[in-house]
**Q** 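I have a structure here, written as structure tokens, and I will follow up with some questions on it.
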Amino acid sequence: MNGSLDLLLIPVLPFAGFLLNGLLGRGLPKWLVGTIALLAPLASFAVVLRAALAVWGIGSTTPALPYVETCPIPWIDTGTLHIDFSFVLDQLSLVMLLIVTGVGFLIHIYSVGYMGEEEGYWRFFAYLNLFLFFMTVLVLGGNALLMFVGWEGVGLASYLLIGFWLHKKSAADAGYKAFIVNRIGDFGFLIGLFLLLANFGTLTFAEIASKLEANPGWQGGALTAIALCLLVGAAGKSAQLPLYVWLPDAMEGPTPVSALIHAATMVTAGVYMIVRTHFLFDRSPFALAVVAIVGAATALFAATIGLVQTDIKRVLAYSTVSQLGYMFLGCGVAAYSAAIFHLVTHAFFKALLFLSAGSVIHAMGGEQDMRKMGGLRKSLPVTFWCMTAAVLAIGGFFPFAGFFSKDAILYAAFLHGTGGKVLWFVGFVTALLTSFYMFRLWYLTFLGEPRSEAPHHHATPASMWSVCVILALLSIFGGWIGFGDGLGRLGAFLSPVTGIRAAETGAGNLELYLSIAAVAMAALGWWIADRLYRQRPQRPAELAASLVGPYRVLSNKYYVDEFYRATFVKPLMGISTYVLDWMVDKALLGGGVWVLAGIAKFFGAILQRWQSGNLRSYAGWLAAGAAAVLLFILLPWSSLLATWFGIHLNWGGH
């Protein structure tokens with residue numbers, strides 16, 4: 001190595017913030033709690049930025065990548081299994097860390113203003129720092145087991161944050177749902193780890209990759225099984241079909257939590273994991289095809305639900321599920337750099353969307369129903385323009401960030417054979433739907449006349465709107481890092497890890513024509529939204545009344561939750577109630593207690609007769625006992641009985 005980096009500090013600093021606020025925060029003033037909570041991710045981001053500058057040759061040292069820091073004491077060392085506690089910094093993890101710590105720090109700043117009046121202020125920031133700690137562990141982990149520790153940790157932290165408002169049953173239920181659904185996906189991940197151990201004898205990513213390079217003919221079979229198990233884990237964490245149902249309900253948590261989970265951290269973990277283990281997926285065309293189909297289907301499925309949602313945060317939640325589908329589509333067509341590119345730009349505009357929505361909710365006194373908003377452009381001008389930038393970015397309009405990354409994925413899909421063109425068409429239609437429902441949100445929230453009877457236009461603190469301005473600039477200009485052949489500078493930087501595929505390099509006019517078509521679809525979506533929600537605002541209600549069936553299906557989210565509840569939840573609850581409540585609790589435990597109680601009661605009644613407190617009764621019992629002993633000794637069979645017990649009675653002895 002040519003330089004030294006303190007990778008351990010990146011997760012340790014947020015963990016220190018968690019410990020300080022978690023243990024001492026209840027007794028600290030709010031300004032000190034906020035200071036601790038902000039300094040922890042800021043310091044972590046500073047360490048990451050220093051590492052990035054060193055990697056880019058800015059500074060006195062230039063460490064070679066991948067850069068590995070390993071604990072001198074083995075983590076697990078038994079038999080043939082050797083696993084180190086090691087952190088690895090390479091091009092992929094560096095990009096992820098910049099997003100996680102950078103955008104995460106901005107969300108921390110925003111939270112200071114948004115959560116300023118909440119009880120449990122210290123607890124909220126302790127959880128927020130804990131979340132960042134586990135996410136950085138996940139990204140830095142040099143082996144699958146350490147990644148799994150961070151993977152489980154963000155699941156725990158998300159459960160705590162989603163259910164932060166303990167007094168709200170809906171928030172507590174949403175936390176349970178997120179935790180349980182993620183455990184289903186995590187079970188698949190865990191099976192994948194066991195299969196990796198069985199087939200490679202190690203969980204270290206570099207060792208697995210080197211063993212595959214040494215066996216170029218190893219295709220499919222066990223590798224397909226491993227890849228599919230990892231896909232189950234990724235689908236749970238990144239909310240893909242059929243395990244997406246937890247993410248919309250996670251909106252019950254505070255808005256900064258929604259931004260943190262959706263934009264830069266937890267939900268992108270599945271995409272990151274697939275890219276990190278792409279050497280496994282590359283050996284299984286079937287697994288890659290499944291990833292692409294799941295991604296395309298999820299993108300379209302979630303976009304259709306977003307068309308009719310009325311809660312501003314739920315619209316954004318389904319847009320997250322849909323955009324993650326694009327990332328999975330990119331992975332499925334082996335355009336890994338394009339998927340990470342969209343992950344980066346999505347972090348910018350999705351954080352901005354949620355934080356702008358948070359400003360609207362804050363101004364409206366907690367109201368989230370878009371039907372009760374309208375006319376907020378004048379009272380919230382900064383939020384309006386920030387939201388406009390985010391809507392144009394997610395809609396895929398040139399030159400905003402989403403245009404470059406989404407088109408890179410669609411172009412890669414188009415070049416991926418006949419099946420790829422079908423996938424491209426699904427993504428193409430999804431772009432139209434995305435533009436429509438986002439401009440629907442824009443019109444309902446900011447334009448027209450106010451529809452609330454008693455609007456609450458609270459002032460937005462500087463800590464909130466200043467963060468939105470920074471993210472707006474990133475949403476406008478951030479896409480240029482991927483402009484050019486091979487995704488520009490970003491693609492060239494990631495290529496040592498992800499490689500550059502033919503589908504990610506420019507092809508002249510074809511790429512230009514596809515980009516023009518995608519922008520045209522986005523413009524069509526805007527035009528339809530304008531016709532329905534600005535020019536003829538009564539028309540949406542008329543359409544809903546004339547299309548009752550389809551509208552009801554979409555507004556009820558295809559009844560997937562109801563299907564899961566009827567098919568899985570209720571039967572499992574019924575079985576657990578019968579087995580645990582009746583058989584175990586009532587029959588086994590309750591019956592055993594009843595028998596023991598009966599025995600105790602029987603002997604207690606006898607002892608009660610003995611312990612009457614009457615001297616004459618005691619004398620009678622004493623005489624009866626003495627007579628019984630004499631009778632036992634005098635009877636002829638007493639010696640036999642005594643011998644049976646191993647006791648010799650010497651009647652003639654002294």
**Q** Would you please indicate if the ring centroids of Phe125 and Tyr121 are separated by under 6.0 Å?
**A**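 Close enough - the centres of the two rings lie under 6.0 Å apart.
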**Q** Looking at residues at least two apart in the chain, or sitting in another chain, which of them share a ring-ring contact (aromatic ring centres under 6.0 Å, His included) with Phe348?
**A**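 For Phe348, no residue satisfies ring-ring contact (aromatic ring centres under 6.0 Å, His included) once neighbours in sequence are set aside.
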**Q** Going by the rule salt bridge (Lys or Arg N to Asp or Glu O under 4.0 Å), which residues pair with Arg534 if we only count those two or more places apart in sequence or in a different chain?
**A** Asp530
**Q** Taking Trp527's backbone N and O only, do any of them form a donor-acceptor pair with Arg531's side chain (distance below 3.5 Å, no angle check)?
**A** no
**Q** Looking at residues at least two apart in the chain, or sitting in another chain, which of them share a ring-ring contact (aromatic ring centres under 6.0 Å, His included) with Tyr443?
**A**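 Result, ring-ring contact (aromatic ring centres under 6.0 Å, His included) vs Tyr443: none returned.
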**Q** Restricting to pairs with a member in residues 463-483, which pass side-chain hydrogen bond (donor to acceptor under 3.5 Å, both in side chains), not counting sequence neighbours?
**A**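 Every pair satisfying side-chain hydrogen bond (donor to acceptor under 3.5 Å, both in side chains) with a residue in residues 463-483: there are none.
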**Q** Return all side-chain donor-acceptor pairs below 3.5 angstrom for residues 96-107, not counting sequence neighbours, or 'none' if the list is empty.
**A**
| from | atom 1 | to | atom 2 | distance (Å) |
| --- | --- | --- | --- | --- |
| Thr101 | OG1 | Leu97 | O | 2.6 |

**Q** Applying salt bridge (Lys or Arg N to Asp or Glu O under 4.0 Å), can you list everything that pairs with Lys378, at least two apart in sequence or on another chain?
**A** none
**Q** Applying salt bridge (Lys or Arg N to Asp or Glu O under 4.0 Å), which residue pairs with at least one partner in residues 103-128 are found, sequence neighbours left out?
**A** none
**Q** Applying salt bridge (Lys or Arg N to Asp or Glu O under 4.0 Å), name anything that partners Arg565, two or more places apart in sequence or on another chain.
**A** none
**Q** Quick test of your reading: applying side-chain hydrogen bond (donor to acceptor under 3.5 Å, both in side chains), list the pairs with at least one residue in residues 394-406, sequence neighbours left out, ordered by first then second residue.
**A** His342-Ser405, Thr345-Ser405
**Q** Show the atom names and distances, to 0.1 Å, of all donor-acceptor pairs under 3.5 Å that link a side chain in residues 30-39 to residues at least two apart or in another chain.
**A**
| from | atom 1 | to | atom 2 | distance (Å) |
| --- | --- | --- | --- | --- |
| Lys30 | NZ | Gly116 | O | 2.6 |
| Thr35 | OG1 | Trp31 | O | 2.7 |

**Q** Do Glu152 and Arg183 sit within salt-bridge range, that is, some charged N less than 4.0 Å from a carboxylate O?
**A** yes
**Q** Just jot down the salt bridge (Lys or Arg N to Asp or Glu O under 4.0 Å) partners of Asp249, sequence neighbours excluded, or say none.
**A** Lys177, Arg314
**Q** Run the side-chain donor-acceptor check on residues 543-553: report pairs under 3.5 Å with partners two or more places apart or on a different chain.
**A**
| from | atom 1 | to | atom 2 | distance (Å) |
| --- | --- | --- | --- | --- |
| Ser546 | OG | Glu542 | O | 3.2 |
| Ser546 | OG | Leu543 | O | 3.0 |

**Q** Among side-chain atoms of Thr298 and Tyr244, is any donor-acceptor pair under 3.5 angstrom?
**A**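 Short answer, no.
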**Q** Can you confirm whether Leu160 sits close enough to Phe131 that some side-chain heavy atom of one is under 4.5 Å from a side-chain heavy atom of the other?
**A** no
